[in-house]
Amino acid sequence: MTTDKLKKEAAEAALEYIQIGDVVGVGTGSTANFFIGGLAKMKGRIDGTVASSEASAKRLRDHGIEVMDINHAGKLPIYVDGADEATRNRHLIKGGGGALTREKIVAQASEVFVCIADESKLVDRLGAFPLPIEVIPMAQSLVSRSIARLGGQPELRSGFTTDNGNIIIDVRNMNIDNPIETEKQLNQMPGVVTVGIFAIRAADVLLLSSASGIQKIN
Ligand code: 5RP
């Protein structure tokens, strides 16, 4: 089965979590795009959406789905998004698409975070995928030096600006044996906007697709 087919199956499994009248938090990336495609078929039954990126907001609107300002939406019942890596503890690395800050805001504002992914994203330990960190541009050198002191290898994501006007530093070889502590440690660095570890607010449900079907981890 192709990776796209697996992503679509994970995305379609998440549709079962949507209730009539929900305002749905919607993630970013190719797996989330399949979810948007599925959501379009039931758009008459939801009250609207909150998007975690400009790209997803555009895609939702192109499907005729209402996109709301999160500041007017209150607590969201559900957020559905993909991940770059996921563990069985439902700790994630996100931000491969650069939308990590808005993704973390929407995740935090949601009662239930359903993470959708194909089985290739499941890892025993986070960190093989370079860890994205959104940084205020003037802090690029400062943050890079601090990361190097921790043993990571920082690299500026070339030619990329986030929806918030910031840069992304991707970090290789970061020790993430304790995801919650590393998330806290990196969050505290001046100039860091968001670190792509989602462990303090982990996913509540992980829907992993494989050739043998959907595995639910919660
Ligand atoms: C975007 C993300 C995505 O969820 C992550 O990169 C996974 O993307 P895809 O579904 O395309 O594999 O965090 O910032």
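Just so you know, ligand 1 is whichever comes first in the structure, and atom 1 is the first atom listed for that ligand. Model, not experiment: these values are computed from the prediction.
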Next on the checklist: My understanding is that a hydrophobic cluster links ILVMFWY residues whose side chain heavy atoms are under 4.5 Å apart, including indirect links. Using that, what else belongs to the cluster containing Val195?
Outcome noted: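 Ile93, Val123, Leu126, Phe129, Leu131, Ile133, Val135, Val143, Ile147, Leu150, Leu156, Ile167, Ile169, Val171, Met174, Ile176, Leu186, Met189, Val192, Ile197, listed by chain and number.
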
Members sharing Leu60's hydrophobic cluster, built from side-chain contacts under 4.5 Å between Ile, Leu, Val, Met, Phe, Trp and Tyr, are Leu15, Tyr17, Ile18, Val24, Val26, Phe35, Ile36, Leu39, Met42, Ile46, Ile65, Val67, Ile78, Val80, Val112, Val114, Ile116, Val205, Leu207, Ile214

Got a salt bridge between [X] and [Y], using NZ or NE/NH1/NH2 to carboxylate O under 4.0 Å?
X      : Y      : result
Lys58  : Asp62  : yes
Arg125 : Asp177 : yes
Glu183 : Lys104 : yes

I'd like the contact residues of ligand 1, where contact means a heavy atom below 4.0 Å.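 Within the 4.0 Å shell of ligand 1, which is judged on heavy atoms, sit Lys7, Thr28, Gly29, Ser30, Thr31, Asp81, Gly82, Ala83, Asp84, Lys94, Gly95, Gly96, Gly97, Gly98, Ala99, Glu103, Lys121.
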
Test of understanding: with ring-ring contact (aromatic ring centres under 6.0 Å, His included), list the residues that count as partners of Phe198, not counting sequence neighbours.
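Per chain and number, Phe198 pairs via ring-ring contact (aromatic ring centres under 6.0 Å, His included) with no residue.
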
